[in-house]
**Q** 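Before I ask anything, here is the structure I am working with.
To find a chain, count down the sequence lines: A is the first, B the second, and so on, and within it residues start at 1.
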Amino acid sequence: MRNQRFTQVVAILLAVVCIGSASYFLRPIDAKREAMGLSASRRDVESMPPEIALPTIALAGFRGLAVDYFWLRAEQLKQEGRYYEANQLASWICKLQPRFPKVWAFQAWNLAWNISVGTRTPQERWNWVYNGVKLLRDEGLVYNPKALSLYRELAWIFFFKMGDYMDDQHWNYKRRWAWDMQRVMGEPPPDIQAESSKLELAAILESWPQTDKTFSFETNKTKQDLADIADPSTVRVVEWFRQIAQAPATWNELVADTDMAALVNRCLKAGVELQTGSLTGSADVNGNFFDKYQRVLTPTYKQQFVRLRNQANYTPDEQMLLDILSDPATKPLAERLINSMRCQVLRIKYKLDATWMLSLMERFGPIDWRVPDAHGMYWTSFGIKQMDDLNVKNVNEFFGPNTTLNTDRIMVFALQRLTTYSRLFFVPNLEQIDLSLLNLLPDLRFVAATHKAYLEVGQKYDPEAGNIAGSDLRDGHQNYLRDAIRLFYLYGQYGQANYYYEYLRVNYKLVTGETNPDYMLTMREFVMHEEFTDRLSDPRIVTDAITGLINQSLRFLVMGDTDKVNGLLRFAKEDIYGSYVLRWKDNPADRMKLPSFETIFNDAAASNLNTPGIGEDMLGTKSRMWKALPLTTQLAVYDGVAPTLKEQCEAVGVTDNMDQIFPPPPGMEEYRKTHMQAKPKEQKPSDYSVDEMTRKAQEGRDERHRDRIQREGQATPSPQLPAR
Amino acid sequence: MRRIWAVARVTLREALRQKTALALLVLLAILLPSLGFVRGDETLPGRAQMFLDWSLRISRLVLGLMTIFIACGSIAWELKYKQAYITLVKPIPRWQFVLGKWLGIGLLNLALLIVVGLIIEGFAWQFRGRPDLGYDKQSGIHWKLDKIPITGLTQQQRDVEQREREILNREVLVARQSLPLVSTERLAAEVESEFQRKIAAGEMPPDFTAQRIRDEIRAKKIYELGSVPANKSRDFLFTDLSTARREGGFIQIRYMIIPDNATPNDVMSYWWRLGDKTKVLHEDVPAINEPVRTVHTIRVRADVISDDGQLKITFVNVNPLDPKQTYPSDVLFAGDGSLEVLYPVGGFEANLMRAMLLLLVQMLFLAAIGLFASSFLTFPTACLMCLVVFAASSGVSYLLEALSWTYRDETAVVSHGISRVTGPLVSIFLHIVPDFSAYSPADALVDGKMVAWSLNITPSVGLALLDVGIRMTLVLLVGCWIFTRREVAEVVV
């Protein structure tokens, strides 16, 4: 008995010692676990939604095992080519360790980059890429709002998976994303940069190649800081978006205004689905509002044609929207309502902060949010904003070495991308969105912002850099400006080209302090660099190059951007066509001769108009192109394109409106009479006076050379004849 | 028989009173319907596949655990709490007592599997878009799939839904037969035959182990049967496809490219010609930058099969965009899933029923093991033994493969401390327990593959009945024998 009592006492003492020791060590161990992110803290759990909090608590120590199982299964299924669970497993894996950013990053990367390429159809490909985006954007960032790496990973998908040209299906992603954004935000206002310019198409076609007219220094402009000159189209686009960003951002804000509340009630009574009911009985803004009312709010050409024929068959709620938007009395209020819906859907469905979007536009330029690169920039900058809010002094220590430099570089890179590929030419084809017409053209409105960003970032890391981008970025900056100058020249914006060329010459000198000889050339020599011009000795290559430029100019013609049309055509005619004629002036062999420039232009225009139609969307584009073509071209190509256009009009049931859509050119009968009898004489290259062109080119060069000497007050190398 | 039936009924009632069993059933009742709402890959076929996969796996796990607990507890607890005495003093032979218990547990599983089957069918009906039942003189009773309204906000969304439903009905909620290029069985048989020939001819290298020689023969066979050199093409002929030709519609070609050399970014470009150009319509399918070692699927009309039921598939190991860019690597097709043709042979409902039967066979085996273990062990030990058997039988092929890899490396055997004695014992154990993974209905149903009655198609109900049935009978016999000879009550003086 005594022994038993002794044993009991010893056991109790032992238990007390063990419990005491455990209690003593538990607190520091827990603190360390929490600090190292090994366990969910009470605060974490309380802020978690139930679907995460429940398994986190219920699985306790088995959480790791469950994660391991899901991870193994995900990998096994991936290897077996079974992807139906991949999305769900990725979500479960991440939600079981929600505060571990690397897991989110890996799983999103796996969905967007690995699994997507294992599928075949455009729809499947897009689904997987977008699943990767959604995993990060809709879930990962919700639990890790301060994880810079997740913002960067998300931006990476937009930049390289969707925005770049690495993936076979990149056009598919770009088209789908463009349509997604256009459906919600609508089409931005036309981004014509120089409204005062007159279309000089006819004049250019009629003129002779005159290389001396392509260049003139606008000395007054070079003295101004062109970066600070606001382009009217930029202002217009930013103001257009401001309407969205500054619209009521929540439902309560929206209906606070009594007039708006009355309009909303009127819409709701007519069955307009502004809201969706939720399980809790309260109502949320309908995230699918713009899907539902797309044909009223962002009608495609096709739907516009249907409306034109009064065959739209709108449902009562669609008709209601149409009515309030077309009634002058309610239009302003209705537009505010739609803008508020846009702002809210951007936030709810796409997790985009319209105010931050606007601030980026105000800072950098008329960002077109239909372009994936724009979203790459948004998420990078939003990540930096979060980092700033965190007020971390030692960012590089906290997020890893070179974090700030790398993120700054990404921002500059984003701006570069916007310069190169952010001008959208987009005609959606709703039957098969991956077959929509989409072209990404350079947008030179971002050059000033990019140039400024280069200087700011460069000077941030190299304060002694002066007026250049510092040692880290100087090569990138120069390369970027060289490309920009060539593009400015190509698009006829010679003043801007001169400004940046002058900047390069003055600021980027050689180590010896001398001016870089690359920047001592005339503008034309600089643009028509050997690497480019040496290839222009073959008539086929020249014809292809000219046709390519004409095709691009025709797209700008549809968009109404006359500056670009003029610039491209001038470049095609006077620089490429003219140079070729000059090059072969002493070798009049027939095999090397080109057709006349006008013939090449007419052929390209006819070819564009004869493109097999993909419905009314294409027909609308062609109609705009046709109406903008010069009369001479219309007369020359009408009989060749009319049968195709008629067939396409018949196919969509607008044959009766053909004369409105493609008006026959005046004087067609007369033209037929004269040209049917005597076939139009092909304008041969021999018709050109080569000697005259050589003389003019020489004069032009001399003039430009003199101009530079006067400005710089120093001698430059003697002018040389163009390379043959 | 009446006595067995009476024990079975009592067992059934007792089982339903057990809290553990009830808790597991409640868990199943919550989990199964919830699985119907998982998003999967957010496509209709993906959601259906995920539901089928997880519902079958979870049902198997939960019912397996329930069966083990009930079977082990049934005899062990009755003996512990002396309830068994009331029955055993009656004129009932011990073997009938054990058999009755087994039958009772089997009936419970049957009832629950019917419920599980109905839930799965309910969700399948939902996924299909809630079609009506119709009657047609030729095809009998069938779902009226063409009458289902397609919902969606825009025409594009409606088109997507329509396409997804077509894929669902064609590739998931259907029973399709698979015709592999080279089955694992055929490959193993050819390897064994060559191995035996080498032994007979005395061509065995003296320094090589048997396993190494088999591996080398296997590699050579794989190369002979399914290799395509770079810049070359090879025809693969599939026969016995008359049924698929007759039924029309679509067939699927599933394949996995295994390159001989490492390829940049693990992708390759090549193309397929499906159908014999001289006999039937054919289709050329280019594949650009497709990931290797991943299963891909091509859907093609059954018209590519010739009238005599043959399908010629030509693999062209040439980059379709630019032949000069063809990556210099041979491509191998070998084993299950490397290259197979899938074609529809039946409906989903009958397939689901056969899948449920496969699960029932597994549950009956677990019940037999549980009763066998509890005939001489206490409840916890019996449960532990059954759980080991359950886990091992669920992963027999994985464990055997892992074990074979351990043997290949002589140093690993020593360093990992796996002796030459315990290794074979584990191997023998794994050969004694049935391989449940070979009878897993989940993989088949997810791929819309047929669960067959016949023995030559996997998974097969017939084979499961034969294979598992024999093991189950042996286990039950031994269990009955042990229980008959066991002294259930000691005489205490």
**Q** With a 4.5 angstrom heavy-atom cut-off, which part of B/T297 approaches chain A: side chain, backbone, both or neither?
**A** backbone
**Q** Search all heavy atoms of B/D41 against all heavy atoms of A/N131 and return the closest pair with its distance.
**A** O-ND2, 4.0 Å
**Q** Considering non-hydrogen atoms only, spot the tightest contact between A/N127 and B/T43 and give its length.
**A** ND2-CG2, 3.9 Å
**Q** Run the salt bridge (charged side-chain N to carboxylate O under 4.0 Å, His left out) test against A/D317 and tell me which residues pass, sequence neighbours left out.
**A** A/K292
**Q** Tell me, out of B/V38, B/D53, B/V160, who's got the most heavy-atom pairs with chain A below 4.5 Å.
**A**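 Looking at each option in turn, the highest pair count goes to B/D53.
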**Q** Answer yes or no: is there a side-chain heavy-atom contact under 4.5 Å between B/W54 and A/E85?
**A**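 In contact.
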**Q** Does this structure show an ion pair linking B/E42 with A/K134, if we count only N-O contacts that are shorter than 4.0 Å?
**A** yes
**Q** Below 4.5 Å from any heavy atom of chain B, which atoms of A/L89 appear? Answer side chain, backbone, both or neither.
**A** side chain
**Q** Examine whether an atom of B/V285 lies under 4.5 Å from a heavy atom of chain A, and if so say whether it belongs to the side chain, the backbone or both; otherwise answer neither.
**A**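 Side chain only.
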